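See below for the structure under consideration.
Computed from a predicted model, the values in this text were never measured in an experiment. In what follows, every chain begins at residue 1, and chains take the letters A, B, ... in the order their sequences are listed.
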Amino acid sequence: MSQEKVLECLKCGVKLAMGNVEVTYLNNKFPIQLPKCPKCGLVFIPEELATGKMLEVEKALEDK
Amino acid sequence: MDHKLIMSFEEKCIQEQPPACNATCPVHVDVRGMVAAIAAERFTEAFNIYCKSVPFPGIIGRICDHPCQSACKRGEAGDAIAIAALEKAVVQQVEVARPKLTPASPKSQRVAVVGGGLSGLTAAHDLAKKGYQVTLLETGSQLAGRIRERFSTELPEQVINDDLAVIEQLGITVQLNTGVGKDISFTSLCEDYDAVYLTALPGQQPGELTIDPLTLATEIKGVFAGGSLRLGNTSPIGSVADGRKAAISIDRYLQGVSLTAAREQEGPFQTRLFTSLVGVEPLPVVPMGQDRSFYSKEEAKREAARCLQCQCLECVKVCPYLEHFKGYPKKYVRQINHNLKMIKGRHEANILINSCSLCGLCQEACPEGLHLGELCGMARQEMVKKGKMPPSAHDFPLRDMAFSNGPSCTLTRHQPGHTVSNYLFFPGCQLSATAPEHVVRVYDYLTEKLPGGVGLMLRCCGAPAEWSGRRELFMAELQQIKDQWEEMGKPCLVLACSTCQQIFQQYLPEAKLVSLWELYDLHGLPQVAAAKRPTLVAVHDACTARHRGEVQEKVRKILLALGCRLEELPTSGNKTECCGYGGLMQYANRPLADEVAKRRIKQSPADYVAYCAICQENFTAKGKRTYHLLDLIYGEADPTTPAKRRVGYSQRRENRVKLKNKLLKEVWREKIVPQENDYTAIKLLISPSVQELMEERLILVEDIQKVIAYAERTGKKLFNHDSGHYLAYHRPVSVTYWVEYLPEGDGYRIFNTYSHRMEIPGGDE
Ligand code: SF4
Ligand code: SF4
Ligand code: SF4
Ligand SMILES: [Zn+2]
């Protein structure tokens, strides 16, 4: 994913860089590498991730 | 959930009952399976299936008196399947080694079997297989002597000897030329052996023997009797069955367990399996080739192909949901039960439970009246109670209900100038959402026609809460309705939606209900100038109107009075099909709901008429021209213009708010101060393709407005140098929404939007 190079946090005026993020669902934590603003922590979750893998994991957790 | 209740559902489903052939066969040959194998030219498999139930296939296969055949269902549409001839074909044509028999670990107990006919041979065979030390005593000089005489033409010597080789293989001791009472005394037999099976009377009689028909036990302990001694020797397969029965009894006796428990289905019995013959073309039996008394493989295959492969599946045939999960209710009940009981692990039946439309069609189709929807409804309640309901399944419709029952949409009033209401019009949240103009007209009509004051109540009946298993939430909604209804003097409820009607009928039984359609019929249709109406329509009854024969009838009467020709869909009335919305199927299992709707709209090329706003919206969304009955009544069903677009989720919300405000202003002359949130003023420019995406992803205009309001206020947004667009996210509810946008004019252009339920830490305050 070279996406972070072209994504800029408008609040901080800096380019996003890959970083560790911990997303959560139903009391489960998932460490994940995502483009992230190095200053304020704003992240980018691409559409394919949200509607693909992430959705799958959500469903699996809901059925646990 | 109560175990008995679950069991009562499971027991109702008869799909696993054996077909008539199998149930009538005294040893329960799996005729259906065997015949299927023949039809598929798998003769070896057919032979093996046959051997599972029949101890001496070469012999029995040639001489069986086939009581199964007269029970065969095929006999009600043409000739019964020639089961005996097919079995004969199998044993004649298959040259395979008999399945090798290995006795269970040897037991010390000794059993004497008196008589080497079919019954004795079977008992000896079955007992030896179980590991007992078996001695077979025969007066004559060879085994199966009488059979050899009686069937000398049917049974070549070689066939008999091949079959009986198994006796030696199983280590059975055979004593030929040994008469009990002559060569060995009955008393010493009883002393030497742990159990005795008599198929012929001993020479020196032990007195009159009484035989228990269920167990073949006699009054002498450890002595059992059956076979030709009991039956005469008319039925070879009957003798085999008796031998088998004796073996089961002797095994139980020697193990010291109950002789009588659970033996009802040992011999022939009446199956409960229902097999429909609807649409089955009568076919005669396949004849045998010239001068032959047996089938060739090819003939056997053709004869076998006539088998109906009896099964029930009446409900599965009509319900795409039941079909989708590749089973039938008995299986599903077990899966649901397992799902509810399981604590840890994957709840794989969640999707099964939540996909049912609760429409009750299964109950109409099922010969036993099983309603799987009832069980799914109860299972949902239990899941909610235990905190095991997947949050996403019903989140959206519940939020929509909360909106409908929130301050911007609800309204309860007496008719202006009245302090009591004789009637109360309850249009329902969906009609208010898809066709608010109709609600205004109908209210106008009702106040004109009905005396004594017609009140109005705008809100949702609570069906989404009920369907999603939120019992408490539903009861709270219901209580509000009940309180207001009582306050208004318990008026007769006038209902435009069959779901509201179903809900109130069940949960507000003290209220008098009348459907709007009955009132139009009673008080006459409004006169409409320059009305536009199609000439031919097909009526789609809502699944919640399944049991409302009087409503269905009135709807048709109205359509005829409007000058339409009617077409009946293949299923309507009490057999009508759900549009895909019932039970919130659409939210829990979108692809399935799409399939359901598509299947329904393909049933006729005619334009459809629905009298439920959601059915109309669902079919319209799939491109089917579908009118609401009110469109026809008010002359707005124009078959010459392009089909209406669906209204969509966002517009539906907006319509409800506008309807309330319009009625307050125009009917009650009240000033309304619209309570605007900061975000509602945000103007959006959304292309039709993005609108489609929003419908599919259940994203509302207001969700997007909230994201933009938040991003613009906080400055928290990304800029994509590739596309030149902004991208922002926000989590106003339990969902994080993402919006790709740019300012344009005095509003914002939306390029894309998506969502997820996972939370991003910190990124969002
Ligand atoms: S049609 Fe086939 S399955 Fe049905 S009873 Fe006859 S042989 Fe058995
Ligand atoms: S209630 Fe309706 S959707 Fe559910 S199983 Fe029965 S027929 Fe199918
Ligand atoms: S109709 Fe369905 S539920 Fe009823 S017995 Fe047949 S398979 Fe079972
Ligand atoms: Zn930043």
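In terms of heavy-atom pairs under 4.5 angstrom with chain A, the leader among B:K344, B:K388, B:E348, B:R697 is B:R697. With respect to chain B, the highest number of heavy-atom pairs below 4.5 Å among A:V57, A:V23, A:T24 belongs to A:T24. Annotation: maximal heavy-atom pairing with chain A below 4.5 Å, among B:N752, B:I351, B:L727, occurs at B:N752. Interface remark: of the candidates A:K64, A:E47, A:K11, A:K29, A:E47 forms the most heavy-atom pairs closer than 4.5 Å to chain B.
Judged by distance alone, with hydrogens and angles left aside, the side-chain atoms of A:E58 form a donor-acceptor pair with the main-chain N or O of B:R757 at under 3.5 Å. Using modelled atom types, no side-chain atom of B:H756 and backbone atom of A:A50 make a donor-acceptor pair closer than 3.5 Å. Panel note: side chain B:E759, backbone A:Y25; no donor-acceptor pair is recorded below 3.5 Å. Side-chain atoms of B:Y729 come within 3.5 Å of backbone N or O of A:V43 as a donor-acceptor pair.
B:R346 and A:A60 get closest at one heavy-atom pair: NH1-CA, 4.2 Å. Shortest non-hydrogen contact noted between B:P391 and A:E62 is CD-OE2, 3.4 Å. When all heavy atoms of A:I45 and B:Y754 are compared, the pair lying nearest together is O-OH, 2.7 Å.
Residues B:S392 and A:K59 are in side-chain contact: their nearest non-hydrogen atoms beyond the backbone lie under 4.5 Å apart.
For B:L718, the parts sitting under 4.5 Å from any heavy atom of chain A are the backbone and the side chain alike. B:S755 touches chain A through its backbone: at least one of N, CA, C or O sits under 4.5 Å from a heavy atom, while the side chain does not. There is no contact between B:N339 and chain A, counting heavy-atom distances below 4.5 Å. At a 4.5 Å heavy-atom cutoff, the contact between A:L10 and chain B is made by backbone and side-chain atoms alike.
Atom CD of B:E472 has 12 or fewer heavy atoms from other residues, nucleotides or ligands within 6.0 Å. Within a 6.0 Å sphere centred on NZ of B:K386, other residues, nucleotides and ligands contribute more than 12 heavy atoms.
Here the straight-line distance linking atom CD1 of B:I760 with atom CZ of A:F44 works out to 11.0 Å at 0.5 Å rounding.
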